[in-house]
Amino acid sequence: MKRLRPPLIHATDTVHACVAGITIAERAQALMDALPTIQISEAEYLELGPAGQLYRITPSNSVTPSIDSALMGVIYKSHFARQGSPSRPLYDQIKMAPEFGICPLCGQRNVATVDHYLPQTRFPTLNLTPLNLVPACSDCNKKKLASVPMSAESQTFHPYFDELSNERWLIAEIHPSSPPSVSFGIRPAEAWDDVMTARMRHHFLVMDLEELYIAQAASEMADISYALEETGATTGLEGIRQHLDSQFRSRHARDPNSWKTALYEGLRDSDWFCAEGYRLIRNRAQTTTR
Ligand SMILES: [Zn+2]
């Protein structure tokens, strides 16, 4: 999970750019007429978002009598996001914002799309509102689906509004087994209230992040096992620990709560892993020299 700087563009920009690309005069006019409603909706979003209260926004079926939620969906897909349209550069600006194109919702996979934080089918007045448009990988986009948060606690992480704090809150626990196994969990940060803690746990669950991070961690451990055995053979437990600590500090300097940061901290702090667990990683490409 990664915070993003909110887009510098507003609904006025996206609507105007959209209108410029719509050749059906009636539709272009209808969208232009809807702008004041869209702006009011954006102002409400901007007021409630930073307070973590977007769940209070009431769903609706239409923007104006002439634009229902289905037509707004068509406008988004066939005009706003269409390749070559005058509004496409704005869409791309939102989609390309994350560093290295990594999805802010999982922190792992590549951004593939733009997700409506409040789903477009239920919140058509926010369909073109940049603050409601969050870059996402297709898995996170699918997992979130069109769910509407019904309470403060059931809101997923919002990359433009939610402060994550630099404290360590993503925690990995190493379990003695062969091969070693890892579990991930959320430890409430000092800076969070109960609602934020509930939201982060909800996000973690809805996005299936534990499953994703466990698979990545298993692969990472397989990657490092050869070097760990070399280090262990010459410098023993303390050498292993120092090596893992240096890996942890390097990940931590970049992102205090990536799964890698959590993994290396967990490995470093596991006496079992540093003493013997590192030898039990199922690793190498088994050479088929028979
Ligand atoms: Zn993702």
Side-chain angles (χ1 to χ4, degrees), residues 3-22 27-28 30-82 85 87-95 97-98 103-105 111 113-136 140-152 154-162 199 203 206:
R3 191 175 156 87
L4 290 179
R5 201 169 299 158
L8 296 169
I9 46 175
H10 301 98
T12 310
D13 306 311
T14 53
V15 167
H16 277 133
C18 236
V19 166
I22 300 177
R27 185 177 290 177
L31 183 57
M32 213 47 228
D33 293 344
L35 183 57
T37 309
I38 292 172
Q39 286 168 328
I40 290 169
S41 204
E42 181 182 50
E44 184 189 22
Y45 196 93
L46 186 56
E47 192 191 318
L48 295 175
Q53 306 209 330
L54 292 177
Y55 74 99
R56 290 173 55 193
I57 297 178
T58 316
S60 65
N61 299 319
S62 61
V63 184
T64 57
S66 49
I67 302 186
D68 63 6
S69 128
L71 178 56
M72 205 57 187
V74 170
I75 290 173
Y76 176 84
K77 197 174 165 201
S78 308
H79 300 294
F80 179 60
R82 183 174 51 84
S85 72
S87 50
R88 180 68 190 205
L90 301 181
Y91 174 89
D92 286 339
Q93 193 180 322
I94 292 167
K95 186 179 161 190
C103 170
L105 306 181
V111 166
T113 187
V114 169
D115 178 61
H116 288 83
Y117 184 82
L118 292 181
Q120 53 171 329
T121 47
R122 308 291 306 282
F123 300 89
T125 52
L126 293 164
N127 200 326
L128 296 173
T129 301
L131 283 172
N132 193 43
L133 301 176
V134 174
C140 286
N141 183 241
K142 275 187 216 126
K143 285 179 204 297
K144 208 173 128 282
L145 286 171
S147 60
V148 177
M150 301 302 283
S151 66
S154 62
Q155 299 175 107
T156 52
F157 166 63
H158 198 308
Y160 299 145
F161 295 133
D162 297 329
R199 287 184 57 196
H203 181 95
V206 170

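For this chain, numbers begin at 1 and follow the sequence in order.
Not a single ring pair (Phe, Tyr, Trp, His ring centres under 6.0 Å) links His79 to another residue, sequence neighbours left out. Taking Pro50 as the reference, Phe161 meet the side chain to side chain contact (heavy atoms under 4.5 Å, CB included) condition, with sequence neighbours excluded. Taking the ring pair (Phe, Tyr, Trp, His ring centres under 6.0 Å) definition, one finds that Phe123 meets it with nothing, sequence neighbours left out. By the side chain to side chain donor-acceptor pair (under 3.5 Å) test, Glu42 pairs with no residue at all, sequence neighbours left out. With sequence neighbours left out, the side chain to side chain donor-acceptor pair (under 3.5 Å) criterion links Lys143 to Asp208. Not counting sequence neighbours, the partners of Tyr45 by the side chain to side chain donor-acceptor pair (under 3.5 Å) test are Asn132, His158. The side chain to side chain donor-acceptor pair (under 3.5 Å) search around Glu47 returns none, not counting sequence neighbours. Residues passing the side chain to side chain contact (heavy atoms under 4.5 Å, CB included) test with Ser62 are Asp68, sequence neighbours excluded. Every residue meeting the side chain to side chain contact (heavy atoms under 4.5 Å, CB included) condition with His203, not counting sequence neighbours, appears here in chain and number order: Met1, Leu105, Thr156, Phe157, Met207, Leu209. Applying the side chain to side chain contact (heavy atoms under 4.5 Å, CB included) rule to Ser85 yields the partners Arg82, Ser87, Arg88; only residues at least two apart in sequence or on another chain are considered.
At distances below 3.5 Å, not a single donor-acceptor pair connects side-chain atoms of Glu44 with backbone N or O atoms of Ser41. The backbone N or O of Pro124 lies less than 3.5 Å from no partner atom in the side chain of Tyr76, so there is not a single donor-acceptor pair. Lys144 contributes no side-chain N or O that, together with a main-chain N or O of Pro119, makes up a donor-acceptor pair within less than 3.5 Å. The backbone N or O of Met72 sits nowhere less than 3.5 Å from a side-chain atom of Gln120 that would complete a donor-acceptor pair.
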- Could you walk me through whether Ile9 and Ile94 pass the side-chain contact (heavy atoms from CB on, under 4.5 Å) check? CA-CA 9 Å; Ile9 46 175; Ile94 292 167; 4.1 Å; yes
- Task: Take Asp162 and Arg199 through the test side-chain contact (heavy atoms from CB on, under 4.5 Å) and record every step on the way to the result.
- Result: CA-CA 10 Å; Asp162 297 329; Arg199 287 184 57 196; 2.5 Å; yes
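Looking at heavy atoms from C-beta onward, Pro149 lies out of side-chain contact with Leu54 at the 4.5 angstrom threshold.
Here the closest heavy-atom approach between residue Ala28 and residue Val19 is recorded as O-CG2, 3.8 Å. For the residue pair Phe80 and Leu133, the shortest heavy atom distance occurs at CE2-CD1, 3.9 Å. The two residues Pro7 and Leu131 make their nearest non-hydrogen contact at CD-CD2, 4.1 Å. Taking each heavy atom of Ala30 and Ser66 in turn, the nearest pair found is CB-OG, 3.9 Å.
We find the CG-CG distance between Leu118 and Leu126 to be 6.0 Å, quoted to the nearest 0.5 Å. In this structure, the separation between CG on Asn127 and CD1 on Ile75 is 8.5 Å, given to the nearest 0.5 Å. Taken from OG1 in Thr121 to NE2 in His116, the straight-line distance is 9.5 Å, to the nearest 0.5 Å. Note: Leu128 CG to Tyr91 OH = 12.5 Å, rounded to the nearest 0.5 Å. Thr58 OG1 to Arg122 CZ: the interatomic distance, rounded to the nearest 0.5 Å, is 10.5 Å. For the atom pair Leu31 CG and Thr64 OG1, the distance stands at 8.5 Å (nearest 0.5 Å).
The list of side-chain hydrogen bond (donor to acceptor under 3.5 Å, both in side chains) pairs with a residue in residues 9-18, not counting sequence neighbours, reads Thr12-Gln39.
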